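The sequence lines fix the lettering, A, B, ..., with proteins before strands; numbering per chain opens at 1. Keep in mind the model is a prediction, meaning the values are calculated, not measured.
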Amino acid sequence: MERINNPIARLFVYLGLTLFAVYSIIPFVWTALQSFKNFKDANSRTPKFIFEPTWDNYAELWLRSIPENGAMISYFIIAILLVLVCLLLFVEYIPVKSSYIYWFCAASFALLLWGIPQYVDVNKFYDYFINTVIVTVGTVVISISVGCLAGYSLSRYTGMAAVVVLISALAFRALPRLAFILPYYWIATALDLLDTRLLVIIVLVAVNQPFTIWMLRSFFMDIPKDLEESAMVDGANRLVAFWKVIIPIMWPGIISTALFSLLLSYNEFLLVRLLTVNNWTLPVAMSPYLGGEDPRHLMIAAAASVSATVPIVVVILLFQKHLVKGLAAGAVKG
Amino acid sequence: MKRSTFFAFAAPSIILMVLLMVVPLLISGWLSTQFLTFQTMKDGPQFVGTEHYVTILSDPRFWQSFRFTAAYTFITVPVRFFIGFVIALMLDQLTKTTRGVYLSIFLLPFIVVPVVGTLMFKQLFEPQGPIYYMLRQYFSYKLLYNEFIVKTLIIVHGVWYVTPYVIVTYFAGLQTLPKQLMEAASIDGATFMQKIRHIVVPHLSSLTVLIALISLMDSYRVFDSVFVLTERMNPIYKADTVMTYTFQTAVTLQRLGKSNAMALLTVVGIMIVLIPNLIMSYREQIEER
């Protein structure tokens with residue numbers, strides 16, 4: 001649409017957008033404020049916006065006991081994380097092959113996660129965090145590699161079988177989780193898989209699969225057929241052509257899909273809640289704070305909410321381009 | 001591509017979906033005719049036939065939850081679309097950098113974990129929260145946390161966390177508006193509202209149908225947010241949706257067979273909404289061949 005030049009109308013546009021921005025962000029601001037308050041400030045009768053901030057709630061959430069040189073350790077961890085985020089942000093400007101930087105960041109992050117409990121007495125919430133990282137990474141890797149093969153073949157095969165697969169996938173995407181969950185529980189008890197990460201990963205991969213193949217297929221449709229056909233004329237078989245020719249140019253689409261797969265598995269509450277007993281992930285780790293009988297829970301719940309949100313916001317900020325593109329592609333193409 | 005190659009490539013995905021979606025659905029259908037609790041799981045289920053379906057369909061609480069789900073769907077979906085459309089039009093007026101800042105803020109409720117987002121939303125309405133404080137100035141304690149307020153809260157939250165999705169898709173749709181048509185309209189002296197009425201709305205109509213169907217299905221099976229919001233303040237369970245009622249039947253009452261029957265009834269309900277969508281995409285796929 002062309003630009004409106006009437007100044008009053010423009011003022012109205014900015015006003016509307018700002019009001020909506022306030023509506024979107026106010027729960028986050030308030031929760032973040034609550035998480036830095038002490039008991040008295042958090043429970044005051046009139047809501048307090050100015051107070052003395054404290055890290056106690058986070059310490060109580062993450063740590064069993066506070067180490068002596070706690071400040072130094074936390075500065076050290078924050079410094080490492082900042083360096084990693086900066087590396088990822090400016091990956092295009094560093095004269096090293098970008099895949100090396102991604103691997104380096106992933107390896108150092110894993111090392112950090114493994115190393116922290118050796119020096120600090122961490123609480124259960126840390127275990128939930130580790131669980132979440134393992135479950136989401138596992139789910140994304142498996143669902144993307146299985147989905148890529150399926151999405152590619154669905155975009156190239158023109159027979160009836162492909163239509164049937166696509167339409168039934170669309171139907172599965174719409175079904176409620178509760179229709180599957182008790183059979184899963186029943187089978188998992190029989191196989192003695194209940195409360196394992198493996199079960200959660202398999203189930204999440206299956207649940208995300210319909211969405212993943214639709215999205216990947218729509219990205220594969222954009223790649224001209226001539227590319228792999230010319231490679232196949234040169235003597236490569238289809239698998240080699242797919243791996244050497246198609247995948248390298250598919251990276252942006254794969255990253256977009258991986259981001260959505262990550263969001264879906266990170267957000268899953270119902271399945272994980274019913275299929276695990278102790279090996280919770282972060283959304284399920286919120287459930288002790290849902291009841292709210294204990295007024296102390298209010299700040300801990302706030303701290304837990306912020307802790308579960310910050311990692312995903314950082315990931316999204318790093319890949320925001322891909323998220324918006326994926327949202328647009330998913331909807332415009334169907 | 002040959003048929004055999006297609007199946008070779010798609011096999012892992014198809015096997016996964018058959019094993020973990022088709023088979024469980026069939027088991028679920030079988031379990032819905034059985035009496036089963038978590039305790040009797042080891043001994044095996046008892047056959048009760050269609051008894052569960054009869055009790056559910058004559059259960060006033062089920063119909064109450066169904067009515068609330070329907071109300072939730074038919075209120076939230078149009079509101080989301082209206083707000084989403086207006087905000088997308090407004091966003092379109094901005095320059096690229098300011099737009100990015102606003103878009104990141106708008107996306108926050110959408111990307112945050114639904115359970116966590118709801119928990120944050122709820123913090124505002126806790127007795128210590130600012131909105132509760134403001135409401136408290138005008139209403140007595142008894143008027144807060146009644147059925148109407150809790151239901152309104154659920155609906156406002158439903159609008160809050162899905163609108164970003166509508167904004168982004170509409171915004172992407174606006175970028176594909178045919179330029180010549182817009183210019184021709186300007187030359188002919190069409191006003192802003194006329195352009196929206198005669199060019200923008202028809203251009204976005206197919207997109208609207210598509211996301212409306214997705215939105216409808218997602219609202220029908222809403223669970224996470226209602227579960228969190230009603231955990232503490234649910235006056236005589238009047239704010240249950242079909243899914244939270246099913247969850248309670250399974251986990252609190254331990255009637256696993258009955259909850260399976262209920263979930264399958266939801267599947268039937270969703271299918272009724274879904275079938276036009278399926279036929280539409282089927283035609284689309286056939287045309288693409």
For [X], is it the side chain, the backbone, both, or neither that has a heavy atom closer than 4.5 Å to a heavy atom of chain B?
X	value
A/Ile167	both
A/Val165	side chain
A/Ala42	backbone
A/Ile202	both
A/Ser24	both
A/Arg173	both

>> If I take atom CG from residue B/Leu278 and atom CG from residue B/Leu213, how far apart are they, to the nearest 0.5 angstrom?
In response: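 Output value for this atom pair is 9.5 Å.
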>> Within the supplied structure, the quantity of interest is the number of heavy atoms (other residues, nucleotides, ligands) at a distance under 6.0 Å from B/Arg3 CZ; does it exceed 12?
In response: no
>> Counting only heavy atoms not in A/Phe12 (residues, nucleotides, ligands), do more than 12 fall under 6.0 Å from its CZ?
In response: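 Atom CZ in A/Phe12 is not packed in, count stays at 12 or less.
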>> So that I can tick it off, tell me whether A/Arg273 and A/Glu268 are bridged by a salt bridge, with the cut-off set at under 4.0 angstrom between side-chain N and carboxylate O.
In response: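 No, this pair does not count.
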Heavy atoms only, distances under 4.5 angstrom: which of [options] has the most pairs with chain A? Name it, please.
options	result
B/Met217, B/Lys179, B/Gln123, B/Lys2	B/Gln123
B/Pro130, B/Ala263, B/Ala10	B/Pro130
B/Val23, B/Ile14, B/Leu264, B/Ile27	B/Ile27
B/Leu274, B/Thr5, B/Val200, B/Ile275	B/Leu274

>> Can you tell me which residue among B/Val115, B/Val116, B/Val113 is in a side-chain contact (heavy atoms from CB on, under 4.5 Å) with B/Asp224?
In response: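 When side-chain contact (heavy atoms from CB on, under 4.5 Å) is applied between B/Asp224 and each of B/Val115, B/Val116, B/Val113, only B/Val115 qualifies.
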> Between B/Ile270 and chain A, which part of the residue has a heavy atom less than 4.5 Å away: side chain, backbone, both or neither?
Replying inline: side chain
